[in-house]
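Written out below as structure tokens is the structure these notes cover.
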Amino acid sequence: MAFVARQWFLLSIINVVVVCFLKPFALGEQQVPCYFIFGDSQDDNGNNNHLNTTARANYPPYGIDFPEGPTGRFTNGRNHADFIGELLGFDSYIPPFANTKGRDITKGINYASGASGILDQTGRHLGDLFSFNEQLHNHERAISRIVRLIGNRSATKEYLAKCLYTVALGNNDYINNYLLPEYYPTSHLYTPREFASLLIRHYSQQLRTLYRLGARKIAVFGLGWLGCIPAELSTDGNCVDSINEEVLLFNDKLKPLVDELNTELSGAQFLYVDVIAINLNNLSTPAEITIGNAPCCNVSAAVAGGQCIPGQIPCSNRNQYYFWDDFHPSEVVNEAYSRLAYSALSSLLDADPLAIGGLTGKNCHDKVKIQ
Ligand SMILES: *[C@@H]1O[C@H](CO)[C@@H](O)[C@H](O)[C@H]1NC(C)=O
Ligand SMILES: *[C@@H]1O[C@H](CO)[C@@H](O)[C@H](O)[C@H]1NC(C)=O
Ligand SMILES: *[C@@H]1O[C@H](CO)[C@@H](O)[C@H](O)[C@H]1NC(C)=O
Ligand SMILES: *[C@@H]1O[C@H](CO)[C@@H](O)[C@H](O)[C@H]1NC(C)=O
């Protein structure tokens, strides 16, 4: 395959044209009334803290650069949902479902859960989690609370249609399922192509459920190069091409699914966010990053290893590391990534797509091209 670079961030020196301009950060002006987050550890901000699982990050050194310290975020500082929330103009982080109360929830909820995936069994060898199906179930429960707060079902429906929804799942269906034959039978049962189809069939049902629950502006994230994360690198430190090929099979089926949902569901504005294009485009934004294939913290080597060892002092030059632990990017990378993701999905925010410079809404990712 075309992708052969050992350190993927070096690809950022490729000259790029980015037509999806970042909107100026409008201080104090919130661009959507509410933001709902469905995802895994890239977005989790504490939903797993009280679960019986090793997929938890509420201990130091996680959160070393976060004002409140360790909160369950799987990085040293802010995660994707935090940055996207900031860029949307929210004045506080969207709370985790696990501890939402009162009127908080009308601004949105973060349902993301570390180790979770599209399939219910994904990640279970690590312990409990909220799979995407369970996240949707939690959303359904939250909506009944929102209806009570707003006090009017049809007004709630109008309100929910104006919110932004981001959905980023699938990483763990590979990392914590298909690529772990010692725990999961899927790689014996399915070829990579069949497995991608299976995931997409489930995803299709789940995204339709989200639509049925009132969501209209929905950004669906593809997968990045999972074969290049430290947990998956080959012993000589190279990206594993076979894993990256599996990722592409999934993405190649997700794009047409998004088109299909837009055609079939009236008023739906699903948008595919091309994470691979984002990664190629801008890992030079944190210009100081020089270490792309090793984590900043010392990670445990146990069976379910790869997370930071509790209480150890991490590297001090955190802005030079692409990865924080064996799975998760560092805060500087999360920020660069989220800015690009935000610019890609900003077409969803405007009622009038012309307001962002004549781009038609749905195909913004198509305008991001490698020269
Ligand atoms: C937590 O999970 C482990 C392993 O799955 C299990 O052995 C243990 O009993 C569980 N603890 C609680 C309190 O449920
Ligand atoms: C409920 O909301 C709808 C739409 O916003 C509005 O037209 C209607 O008057 C409201 N009904 C009540 C009882 O407030
Ligand atoms: C991507 O990085 C390049 C080089 O640092 C920069 O010029 C460009 O503005 C960045 N693009 C975005 C969308 O951030
Ligand atoms: C990781 O552990 C090694 C040996 O146990 C130690 O020398 C090193 O300083 C540790 N690194 C960090 C970042 O804590």
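Atoms within a ligand are numbered from 1 in the order they appear, just like the ligands themselves.
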[atom] within contact range, any protein heavy atom under 4.0 Å:
atom                    : answer
atom 5 (O) of ligand 2  : yes
atom 11 (N) of ligand 2 : yes
atom 1 (C) of ligand 1  : yes
atom 14 (O) of ligand 1 : yes

Check ion pair [X]-[Y] (N to O, under 4.0 angstrom):
X    : Y    : value
D82  : R73  : yes
E158 : K162 : no
E134 : R124 : yes

| cation_pi(R216, Y211) dist<6.0 Å, angle<=45 |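 Yes.
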| task | Establish, for the pair R193 and F250, whether the NZ or CZ atom is under 6.0 angstrom from the six-membered ring centre and no further than 45 degrees off its axis. | result |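 Ring-cation test returns no.
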| Residue N152 vicinity, atoms of ligand 2 by number, heavy atom under 4.0 Å |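 Once the distances to N152 are compared, the set is 1 (C), 2 (O), 3 (C), 8 (C), 10 (C), 11 (N), 12 (C), 14 (O).
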| Ligand-residue contact atoms, ligand 2 with S154, heavy atoms, under 4.0 Å |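 Contacts of ligand 2 toward S154, numbered from 1: 1 (C), 2 (O), 3 (C), 4 (C).
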| query | With no hydrogens and no angle check, do the side chains of D40 and S116 hold a donor and an acceptor under 3.5 Å apart? | reply |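 There is no such pair (donor and acceptor under 3.5 Å, judged by atom type) between the side chains of D40 and S116.
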| Closest protein heavy atom to atom 3 (C) of ligand 1, given as residue, atom name and distance to 0.1 Å |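 The protein heavy atom lying closest is N52 ND2, 3.7 Å.
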